[in-house]
J.: 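Structure in C-alpha coordinates, see below.
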Amino acid sequence: MAFAARSVKVPPNSASLEEARQRVFDFFRTACRSIPSIINIYNLDDVVTVSQLRSTIASEIRKNSHFTNPKVIDMLLFKATEEFNNILEHAKQRHHLIGQYVVGQQGLVQDLNPKDQSTSTFLKNFYKSNYF
(Lines give C-alpha, C1' and ligand atoms only; values in the text may rest on other atoms or scores of the structure.)
Protein backbone atom coordinates (compact mmCIF):
# COMPACT_ATOMS: atom_id res chain seq x y z
CA MET A 1 0.00 0.00 0.00
CA ALA A 2 1.39 3.36 -0.99
CA PHE A 3 -0.12 5.28 1.90
CA ALA A 4 1.51 3.09 4.58
CA ALA A 5 4.91 4.63 3.89
CA ARG A 6 3.57 8.13 4.38
CA SER A 7 1.60 7.48 7.56
CA VAL A 8 2.74 9.05 10.78
CA LYS A 9 3.40 6.91 13.84
CA VAL A 10 2.02 7.91 17.23
CA PRO A 11 4.86 8.29 19.75
CA PRO A 12 4.65 7.14 23.38
CA ASN A 13 3.74 9.59 26.13
CA SER A 14 5.89 12.66 26.59
CA ALA A 15 7.99 12.94 29.73
CA SER A 16 7.92 16.73 29.90
CA LEU A 17 6.24 19.77 28.46
CA GLU A 18 9.26 20.54 26.29
CA GLU A 19 9.19 17.06 24.77
CA ALA A 20 5.46 17.39 24.05
CA ARG A 21 6.07 20.78 22.41
CA GLN A 22 8.84 19.33 20.28
CA ARG A 23 6.51 16.55 19.12
CA VAL A 24 3.88 19.10 18.18
CA PHE A 25 6.47 21.02 16.15
CA ASP A 26 7.56 17.79 14.45
CA PHE A 27 3.94 16.98 13.61
CA PHE A 28 3.40 20.48 12.21
CA ARG A 29 6.53 20.17 10.08
CA THR A 30 5.42 16.76 8.76
CA ALA A 31 1.91 18.03 8.02
CA CYS A 32 3.21 21.10 6.19
CA ARG A 33 5.58 19.01 4.08
CA SER A 34 2.73 16.80 2.90
CA ILE A 35 0.32 19.65 2.01
CA PRO A 36 1.29 19.67 -1.71
CA SER A 37 0.60 15.96 -2.03
CA ILE A 38 -2.73 16.37 -0.20
CA ILE A 39 -3.68 19.14 -2.61
CA ASN A 40 -2.85 16.84 -5.52
CA ILE A 41 -4.65 13.82 -4.04
CA TYR A 42 -7.87 15.72 -3.39
CA ASN A 43 -7.59 18.07 -6.40
CA LEU A 44 -7.80 21.21 -4.26
CA ASP A 45 -5.78 23.45 -6.59
CA ASP A 46 -8.81 25.51 -7.57
CA VAL A 47 -10.05 25.96 -3.99
CA VAL A 48 -7.07 26.60 -1.72
CA THR A 49 -3.34 27.34 -1.81
CA VAL A 50 -0.54 25.71 0.15
CA SER A 51 -0.10 28.78 2.36
CA GLN A 52 -3.81 28.87 3.22
CA LEU A 53 -3.76 25.23 4.33
CA ARG A 54 -0.56 25.83 6.28
CA SER A 55 -2.13 28.74 8.12
CA THR A 56 -5.24 26.64 8.83
CA ILE A 57 -3.11 23.90 10.37
CA ALA A 58 -1.19 26.48 12.38
CA SER A 59 -4.40 28.05 13.68
CA GLU A 60 -5.74 24.63 14.71
CA ILE A 61 -2.53 24.02 16.66
CA ARG A 62 -2.56 27.52 18.19
CA LYS A 63 -6.16 26.98 19.27
CA ASN A 64 -4.88 24.43 21.81
CA SER A 65 -1.71 26.27 22.83
CA HIS A 66 -3.00 27.07 26.32
CA PHE A 67 -2.68 23.44 27.50
CA THR A 68 0.31 22.77 29.75
CA ASN A 69 -0.30 19.15 30.78
CA PRO A 70 1.87 16.85 28.63
CA LYS A 71 -0.73 14.07 28.76
CA VAL A 72 -3.39 16.37 27.34
CA ILE A 73 -1.00 17.56 24.64
CA ASP A 74 -0.19 13.95 23.77
CA MET A 75 -3.90 13.15 23.51
CA LEU A 76 -4.47 16.12 21.20
CA LEU A 77 -1.43 15.12 19.17
CA PHE A 78 -2.82 11.58 18.89
CA LYS A 79 -6.12 12.98 17.57
CA ALA A 80 -4.29 15.20 15.10
CA THR A 81 -2.17 12.28 13.94
CA GLU A 82 -5.26 10.14 13.39
CA GLU A 83 -6.90 12.94 11.40
CA PHE A 84 -3.73 13.36 9.36
CA ASN A 85 -3.54 9.62 8.65
CA ASN A 86 -7.20 9.59 7.58
CA ILE A 87 -6.49 12.40 5.14
CA LEU A 88 -3.39 10.68 3.73
CA GLU A 89 -5.16 7.33 3.42
CA HIS A 90 -7.94 9.05 1.48
CA ALA A 91 -10.52 8.06 4.12
CA LYS A 92 -12.10 11.48 3.68
CA GLN A 93 -13.68 12.91 0.60
CA ARG A 94 -12.92 16.22 -1.05
CA HIS A 95 -15.94 18.02 0.38
CA HIS A 96 -14.94 16.95 3.91
CA LEU A 97 -11.61 18.73 3.56
CA ILE A 98 -13.19 21.77 1.98
CA GLY A 99 -15.78 22.01 4.76
CA GLN A 100 -13.32 21.49 7.61
CA TYR A 101 -10.15 23.23 6.47
CA VAL A 102 -11.00 25.59 3.61
CA VAL A 103 -14.36 27.07 4.61
CA GLY A 104 -13.62 26.58 8.30
CA GLN A 105 -15.73 26.69 11.40
CA GLN A 106 -17.64 29.81 10.34
CA GLY A 107 -19.55 27.85 7.74
CA LEU A 108 -20.59 29.17 4.40
CA VAL A 109 -20.81 32.91 3.92
CA GLN A 110 -24.35 34.07 4.39
CA ASP A 111 -26.08 36.41 1.98
CA LEU A 112 -25.96 39.87 3.54
CA ASN A 113 -28.70 41.31 1.33
CA PRO A 114 -31.72 39.03 1.44
CA LYS A 115 -33.72 39.06 -1.75
CA ASP A 116 -37.09 39.09 -0.03
CA GLN A 117 -37.39 42.43 1.77
CA SER A 118 -41.01 41.79 2.78
CA THR A 119 -40.10 39.15 5.38
CA SER A 120 -41.11 40.09 8.92
CA THR A 121 -38.51 40.77 11.59
CA PHE A 122 -39.70 37.68 13.48
CA LEU A 123 -38.92 35.45 10.49
CA LYS A 124 -35.60 37.22 9.88
CA ASN A 125 -34.55 36.56 13.49
CA PHE A 126 -35.83 32.98 13.24
CA TYR A 127 -33.83 32.32 10.08
CA LYS A 128 -30.76 33.99 11.53
CA SER A 129 -30.85 31.82 14.66
CA ASN A 130 -31.59 28.57 12.82
CA TYR A 131 -29.29 28.94 9.82
CA PHE A 132 -26.87 26.07 9.56
J.: Which residues pass the side-chain contact (heavy atoms from CB on, under 4.5 Å) test with Ala91, not counting sequence neighbours?
T.: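 Residues passing side-chain contact (heavy atoms from CB on, under 4.5 Å) with Ala91: Asn86.
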J.: State, to 0.1 Å, how close Pro70 and Ser14 come at their nearest heavy-atom pair, and which atoms those are.
T.: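 The answer is CB-O, 4.3 Å.
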J.: Answer yes if the ring centres of Tyr42 and His90 are under 6.0 angstrom apart, and no otherwise.
T.: yes
J.: Roughly how far, to the nearest 0.5 Å, is OG of Ser34 from CD1 of Ile57?
T.: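 So the gap between those two atoms works out to 7.0 Å.
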J.: Apply side-chain hydrogen bond (donor to acceptor under 3.5 Å, both in side chains) to Arg21 and list each qualifying residue two or more places apart in sequence or on a separate chain.
T.: none
J.: Output the distance between atom CG (Leu44) and atom OG1 (Thr49), rounded to the nearest 0.5 Å.
T.: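 Answer rounded to 0.5 Å: 11.0 Å.
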J.: Which pair of heavy atoms, one from Val103 and one from Gly99, lies closest together, and at what distance?
T.: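 Closest pair (atom of Val103, atom of Gly99, distance): CB-O, 4.1 Å.
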J.: Answer yes or no: is there an ion pair linking Lys63 with Glu60, defined by an N-O contact shorter than 4.0 Å?
T.: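 Salt bridge between Lys63 and Glu60, a charged N being under 4.0 Å from a carboxylate O: yes.
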J.: Search all heavy atoms of Gln52 against all heavy atoms of Val47 and return the closest pair with its distance.
T.: OE1-O, 4.2 Å
J.: Considering all heavy atoms of both residues, which atom of Cys32 and which atom of Arg54 are nearest to each other, and what is their separation?
T.: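 For Cys32 and Arg54, the tightest heavy-atom pair comes out as SG-CG, 3.4 Å.
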J.: Quick one, Asn13 and Lys71 - any side-chain contact, counting heavy atoms below 4.5 Å?
T.: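 With C-beta onward as the side chain, the pair stays apart.
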J.: Mind checking what makes side-chain hydrogen bond (donor to acceptor under 3.5 Å, both in side chains) contact with Asn64, not counting sequence neighbours?
T.: none
J.: To the nearest 0.5 Å, what is the distance between CD (Gln100) and NE2 (His95)?
T.: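 Separation between the atoms: 9.5 Å.
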J.: Kindly give the heavy-atom pair with the smallest separation between Ala15 and Glu19, and that separation in Å.
T.: N-OE1, 2.9 Å
J.: Hydrophobic cluster membership, with links at side-chain heavy-atom distances under 4.5 Å among I/L/V/M/F/W/Y: are Ile38 and Val50 in one?
T.: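 Both belong to a single hydrophobic cluster.
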J.: Roughly how far apart are Leu77 CG and Glu82 CD, rounded to 0.5 Å?
T.: 10.5 Å
J.: Taking the side chain as every heavy atom from C-beta outward, state whether Val102 and Leu97 have any pair of such atoms under 4.5 Å apart.
T.: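 The answer is no, as the side chains (C-beta and beyond) never meet within the 4.5 Å cut-off.
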J.: Please list, chain by chain and in numerical order, all residues satisfying salt bridge (charged side-chain N to carboxylate O under 4.0 Å, His left out) with Asp45, sequence neighbours excluded.
T.: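 Here no residue qualifies.
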J.: Under the rule for salt bridge (charged side-chain N to carboxylate O under 4.0 Å, His left out), what residues qualify as partners of Lys92, not counting sequence neighbours?
T.: Glu83
J.: Can you list the residues that meet the salt bridge (charged side-chain N to carboxylate O under 4.0 Å, His left out) rule with Arg29, with sequence neighbours excluded?
T.: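 Partners of Arg29 under the salt bridge (charged side-chain N to carboxylate O under 4.0 Å, His left out) test: Asp26.
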J.: Are Ile61 and Leu17 connected into the same hydrophobic cluster when the rule is that any two of I, L, V, M, F, W, Y join if their side-chain heavy atoms are below 4.5 Å apart?
T.: yes
J.: For a 4.5 angstrom cut-off between non-hydrogen side-chain atoms, does Thr30 reach Phe84?
T.: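 Yes, side chains in contact.
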J.: Using the side-chain contact (heavy atoms from CB on, under 4.5 Å) rule, pick out the option among Ile73, Val72, Asp74 that qualifies with Leu76.
T.: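 When Ile73, Val72, Asp74 are each tested with Leu76, the side-chain contact (heavy atoms from CB on, under 4.5 Å) holds only for Val72.
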